*Asks:* 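Here it is, the structure, as structure tokens.
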2 protein chains.
Amino acid sequence: MPKPEQTVRTLFRFFNEVGIINQLSSRLFETRLPDGFLVSHFTVLNHLTRLGDGRTPMDIATALQVPKTSLTHTLSGLSKAGLIIQEPNPKDARSKCVMLTDAGRQFRADAIAALGPDMMDVAEHFPPERIAEALPLLEEIRAFLDKRRDV
Amino acid sequence: MPKPEQTVRTLFRFFNEVGIINQLSSRLFETRLPDGFLVSHFTVLNHLTRLGDGRTPMDIATALQVPKTSLTHTLSGLSKAGLIIQEPNPKDARSKCVMLTDAGRQFRADAIAALGPDMMDVAEHFPPERIAEALPLLEEIRAFLDKRRDV
DNA sequence: CCTCATTTGTTCGATGTCGTACTATTTAGT
DNA sequence: ACTAAATAGTACGACATCGAACAAATGAGG
């Protein structure tokens, strides 16, 4: 059992690395996206494609862990670009249903294709198995922080 | 050797988890800092404490992987709060030396103390050894993305 | 039904981030 | 030395993020 200070140091380093990796990867992502689009746009399209569209903005904000006011802004950008359509929610008049357009699906596919070479470059230096090994820990920490968030 | 699409999927998940963890941990950090201070402020103070002060803004920006214009803004906040002092750089008149003040060191110590309970809470659910196991991979990926950045 | 609290999404304002353009200084090449 | 290219930091502007306050709608409790 390590000493508490050592433990805290390890955790600080962990979050520090996570922060820098996020910074660098987001920047890389954005250089590959068409001008005017950010990682946040891609993330929403990706989420809707993977888990199905027709979700409410609030659902999406919760899943992606971003404040709803930030998501409003992101969705408005996606709407203006014709990548999604926001329909009224028949179940709840306060709410909306976010639907992907064909252009939205295509945008996501193109983005993934555009990032492919970078991803393969990473994969050449880091065996996917090694990345995959780290995923469970990351997911658990994510879930833990998520649950802890409201406290 | 996994199929390329599977590889890409794994990497996307990895970066996705990293992004959300960063989001959640940054938010948590900031709720523990005094009002008006951000993770970026803490990160600079922490960096200077760990690796020694007297560095130039450019050194710091490179180490933390943030654009120099962002760092200018962060340093100005730290200066206004009296947590650092920017002295002229005797080796290079274009540049400066960023020095920690006692208040700056104290601020960092207080911040770490304020975050201690959260860190210990994480540590209770995730053995530090498990976190430590993941660190080398994170550091390597960080270094890889860093080197690849200019490309 | 009829409040009242809760929830959804937006607007607004403040502020952080970062790219571009600029000045001052240093360094390299001749 | 002298000029040209590179580099440090900043000013500025565009824009993303996010908290607070708000309106509309829902749901819970009487």
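If you're wondering where the values come from, they're calculated on a predicted model, not measured in any experiment.
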*Asks:* Could you tell me if the ring centre of A:Phe42 sits under 6.0 Å from that of A:Phe107?
*Replies:*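 No.
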*Asks:* Kindly assign one of parallel, tilted or perpendicular to the pair B:Phe144 and A:Phe126, based on the angle between their ring planes and the thresholds 30° and 60°.
*Replies:*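 The rings of B:Phe144 and A:Phe126 stand perpendicular, inter-plane angle above 60°.
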*Asks:* On DNA chain C, does the nearest nucleotide to A:Arg94 precede the nearest nucleotide to A:Thr69 from the 5' side, or the other way round? Give the residue.
*Replies:*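 Of the two residues, A:Arg94 wins.
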*Asks:* Does B:Leu38 reach a base, just sugar-phosphate, or nothing at all? Heavy atoms under 4.0 Å.
*Replies:*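 The residue B:Leu38 makes sugar-phosphate contact but no base contact.
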*Asks:* Would B:Thr62 and B:Asp59 satisfy side chain to side chain contact (heavy atoms under 4.5 Å, CB included), going step by step from the backbone distance to the final call?
*Replies:* CA-CA 5 Å; B:Thr62 302; B:Asp59 284 342; 5.9 Å; no
*Asks:* How close do B:Leu38 and B:Leu33 get, heavy atom to heavy atom, and via which atoms?
*Replies:*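 What the structure gives for the nearest pair is O-CD1, 3.5 Å.
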*Asks:* Using only atom types and a distance under 3.5 Å, with no angle test, would you say the side chain of B:Thr74 pairs donor to acceptor with the backbone of B:Ser70?
*Replies:*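 Checked: pair present.
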*Asks:* If you assign A:Ala93 and A:Thr74 each to the DNA chain D nucleotide with the nearest heavy atom, which residue ends up on the more 5' nucleotide?
*Replies:*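 The residue closer to the strand's 5' end, by nearest nucleotide, is A:Thr74.
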*Asks:* Need to verify one output field. Residue with the more 5' nearest nucleotide on DNA chain C, A:Lys68 or A:Gln23?
*Replies:*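 Taking each residue's closest nucleotide, the earlier one in sequence belongs to A:Lys68.
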*Asks:* Scan A:Asp92 against the nucleic acid and name what it touches under 4.0 Å (heavy atoms): base, sugar-phosphate only, or nothing.
*Replies:*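 The answer is sugar-phosphate, as A:Asp92 gets under 4.0 Å only of primed atoms, P, OP1 or OP2.
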*Asks:* Checking side-chain polar atoms at under 3.5 Å, does A:Asp110 have a donor or acceptor matched by the opposite partner on A:Gln106?
*Replies:*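 Short answer, yes.
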*Asks:* From CD of B:Glu30 over to P of D:dT17, roughly how many Å is that when rounded to an integer?
*Replies:*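 About 14 Å, once rounded to whole Å.
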*Asks:* Reading DNA chain C from 5' to 3', where do the contacts with chain A start and stop? Cut-off is 4.0 Å to heavy atoms.
*Replies:*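 Contacts span C:dT7 to C:dG19, reading 5' to 3'.
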*Asks:* Please determine whether a side-chain nitrogen or oxygen atom of A:His73 lies at a distance below 4.0 Å from atom OP1 or OP2 of D:dT17.
*Replies:*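 False: A:His73 side-chain N/O out of range (4.0 Å or more) of D:dT17 OP1/OP2.
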*Asks:* Rounding to a whole Å, what distance do you find between A:Met58:CE and D:dT26:C1'?
*Replies:*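 After rounding, the gap between these two atoms is 15 Å.
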*Asks:* In whole angstroms, how far is the C1' atom of D:dG19 from the CG atom of B:Asp35?
*Replies:*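 In whole Å, D:dG19 C1' and B:Asp35 CG are 11 Å from each other.
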*Asks:* Between the side chain of B:Ser95 and the main-chain N/O of B:Asp92, is any donor-acceptor distance below 3.5 Å?
*Replies:*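 No, because the side chain of B:Ser95 does not come within donor-acceptor range (under 3.5 Å) of the backbone of B:Asp92.
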*Asks:* Can you measure B:Asn89 atom CG to D:dA8 atom P for me and round it to whole angstrom units?
*Replies:*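 The distance from CG of B:Asn89 to P of D:dA8 comes to 11 Å, rounded to the nearest Å.
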*Asks:* Rounded to whole angstrom units, what separation is found between the CD1 atom of B:Ile84 and the C1' atom of D:dG9?
*Replies:*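 It works out to 13 Å between those atoms.
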*Asks:* Select base, sugar-phosphate, or nothing to describe what A:Ser95 touches, counting heavy atoms under 4.0 Å on all strands.
*Replies:*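 A:Ser95: backbone/sugar contact only, no base atoms under 4.0 Å.
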